[in-house]
Structures are given as C-alpha cells and as structure tokens.
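In what follows, chains carry the letters A, B, and so on, assigned in the order in which the sequence lines appear, proteins first and then strands, with residues in each chain numbered from 1.
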Protein chains: 2
Amino acid sequence: MRRDPFQAIADPTRRAIILLIAVQAMTPNAIAVHFDTTRQAVSKHLRILSECRLVKQERSGREIYYQLNPTKMKEIDKWLEQFRKIWEDRFNQLDNVLATIKNNKK
Amino acid sequence: MRRDPFQAIADPTRRAIILLIAVQAMTPNAIAVHFDTTRQAVSKHLRILSECRLVKQERSGREIYYQLNPTKMKEIDKWLEQFRKIWEDRFNQLDNVLATIKNNKK
DNA sequence: TATATTTGCAACCGATTGGTTTCATAATAA
DNA sequence: TTATTATGAAACCAATCGGTTGCAAATATA
C-alpha cells in the first residue's frame, strides 16, 4: 500500500480536512459535520493522513484531536521547489527547448 | 473522472515523467526507456498529464514532443501557499492550539 | 451501575487505477 | 510501393480507493 503525502493530498476531501485542522485541532466527529459523508469515512481519511504523518493526534479522554503536521507538508513543497526555477527564471528558455531539439537534428 | 493536478502528481511514475520532461521535451518512446514499463503505460500517464494541462504537446512529423507546462504546476504551489505561513511564522503557535482548546473547556 | 457518547476497525461493495496485449493510423525509410 | 517506426485507442484484468453498515472498546454521564 503506497502511503506518501502526494497520494494523501490527491483526494479533495482530504485536502479540505487538512485545511480545516490547519486552523485548529479537531475531533473526527467535529470534522465530519463539515462533510456530506459518514463519520467512519472521515476516520478512514484521517487514518491515511496519519500514516503519511501529515497529521498528529492527541488524545484527551475519549476524544482524539487531530492537527496538521506542518513539517510533513513541507515535503510536498520541497518537491515543487525543483520546478520553481523553471516557472520563474527559465520560463522563456524552456519554451524554446523543443525548437532547439528540432534544430539539432538538421 | 476527476482530473486535477493533485491527482496527476499522486503517481510516482508521473512525478518522474514530469521531472524528465521538465529538463527537456521528449517523445513517449524516449520517456518510456527510462521506466520498467511498456510504452503504452507511459502514453496513458502522458494522456492524464495532458488532460490536467500539466504537459504540452508539439507534433514534429510522426513524433510528438511532450514538455512541462510550468504555469499549471504553479497551481499546486498556490494551494500549498496557504500553509506556508503556518509552517514558517506560526509554527509554535499552532503547536499550542490543542492546549488552548483544552483550557477553554475548563 | 446502567446508559450514552466517541472512536477505531472489519467486512463488504461499486468505481477507478495502473498495467497489459492487441490493433489501427499516420509518417518515414528501403 | 512496401516495409518499418511512432503513436494513440480499445478491451481486458487484478489491485486499490472511497464509501457504506455493523460492531467492539473505552470514556463520560445519568
């Protein structure tokens, strides 16, 4: 079973959950009321997010508060980092790569 | 069928393809030799990436060159942007959210 | 104690995914 | 013209996904 942050944020519901608990830690029940789905489905999403270490849990009696793990979110950002140069600095050069290849063949 | 950049980068092979063609535009055959899979499977990935507008195509005779569309990559970055403040500025504050909630209940 | 609440987990289900093989089409080369 | 090459598309398949219902365990409340 593949468990990485990229797969975790692929689902729109999970992205919404991440956004919710980024503001403040919440319990599964509190999260579930924001979605048109069952509490168990939300719990499944939280489990996946936990396995990817994108969220942290903290128990308080029978309630479990889930909150975002910003450090792990940074990993996705790190992957994007390698492209930042392309879309910022070398934007025009990249557009010419194809033309360059075609010219080399002549 | 959901087609968005988040789902597109969820697959590790597609992320590798993106990285490859970010350096220079390539044909499906040229891309496929880098992977332990068939040319057709790579073509399927390229189709998904195309549908998400993450890659651009340019035909040259019977060859089709695929290259990265940096603008669309930026959209993923835009979503991450909202969390950047959290993991940079408010890192310690966020860690205290749970404690705050628990204190409010007293 | 008896009951209600919060939660995770297992079993199941239809849809989607990523892969394969096979085939059709278009462009190049012999 | 006749091969060969490059590519996309279709049909199929096992595995995974996101959802459901039902249940058990632990904590809180009457």
Original post:
For B:Tyr66, which contact category applies under a 4.0 Å heavy-atom criterion: base, sugar-phosphate, or nothing?
Top reply: sugar-phosphate

Original post:
Is the backbone of B:Tyr65 close enough, under 3.5 Å, to the side chain of B:Arg59 for a donor and an acceptor to pair up by distance?
Top reply: no

Original post:
A:Arg15 CZ to D:dG18 C1': how many Å, rounded?
Top reply: 14 Å

Original post:
Once you round it to whole Å, what is the distance between P of D:dG18 and CG of A:Asp36?
Top reply: 17 Å

Subject >> A:Lys44, nearest nucleotide to its side chain (from C:dG8, D:dG18, C:dG18) >> reply: D:dG18

Original post:
So, does the side chain of B:Arg62 form a donor-acceptor pair with the base of C:dA27 at under 3.5 Å?
Top reply: yes

Original post:
Quick one: which of A:Arg3, A:Arg14, A:Lys44, A:Lys72 gives a salt bridge (Lys or Arg N to Asp or Glu O under 4.0 Å) with A:Glu51?
Top reply: A:Arg3

Subject >> From NE2 (B:His45) to OG1 (B:Thr37), nearest 0.5 Å >> reply: 6.5 Å

Original post:
Does a distance-only test, which skips hydrogens and angles, find a donor-acceptor pair under 3.5 Å between the side chain of B:Arg39 and the base of D:dG8?
Top reply: yes

Subject >> Residue whose nearest DNA chain D nucleotide is more 5′ - A:Thr37 or B:Leu46 >> reply: B:Leu46

Original post:
Can a side chain N or O of B:Gln57 be found less than 4.0 Å away from OP1 or OP2 on D:dT7?
Top reply: no

**OP:** Examine D:dT5: is either OP1 or OP2 under 4.0 Å from a nitrogen or oxygen in the side chain of B:Asn29? Give yes or no.
**Re:** no

**OP:** Please state how far atom CD1 in B:Ile64 lies from atom C1' in C:dT28, giving the value in whole angstrom units.
**Re:** 15 Å

**OP:** Check the distance between C:dT17's P and B:Phe6's CZ and give it to me in whole angstrom.
**Re:** 17 Å

Subject >> Shortest non-hydrogen contact between A:Ile64 and A:Pro28, atoms and distance >> reply: O-CD, 3.3 Å

Subject >> B:His45 side-chain proximity, nearest of C:dG18, D:dT27, C:dT17 >> reply: C:dG18

Original post:
So, B:Arg39 side chain and B:Ala41 main chain: donor-acceptor pair closer than 3.5 Å or not?
Top reply: no

Original post:
Does A:Ser43 or B:Thr38 map to a spot on DNA chain C nearer the 5' end, using the closest nucleotide for each?
Top reply: A:Ser43

Subject >> Distance in angstrom units between A:Asp11 CG and C:dA15 P, rounded >> reply: 18 Å

**OP:** Can you check whether any acceptor in the base of D:dG22 is under 3.5 Å from a donor in the side chain of A:Gln40, or vice versa?
**Re:** yes

**OP:** Grab the CZ-C1' distance between B:Arg47 and D:dA9 for me, whole Å please.
**Re:** 7 Å

Subject >> Presence of salt bridge, B:Lys78 and B:Glu81, under 4.0 angstrom >> reply: no

Subject >> Protein-nucleotide distance (A:Arg59, atom CZ; D:dA26, atom C1'), rounded to Å >> reply: 7 Å

Subject >> Nearest-neighbour nucleotide for the A:Glu63 side chain, D:dT20, C:dT7, C:dT20 considered >> reply: C:dT7

Original post:
For A:Gln7 and D:dT16, is the shortest distance between a side-chain N/O and OP1 or OP2 below 4.0 Å?
Top reply: no

Original post:
What's the closest nucleotide to the B:Ile48 side chain, out of C:dG8, C:dG18, D:dG8?
Top reply: C:dG18

Original post:
Rounded to the nearest Å, what distance is computed from the CZ atom of residue A:Arg14 to the P atom of nucleotide D:dT16?
Top reply: 15 Å

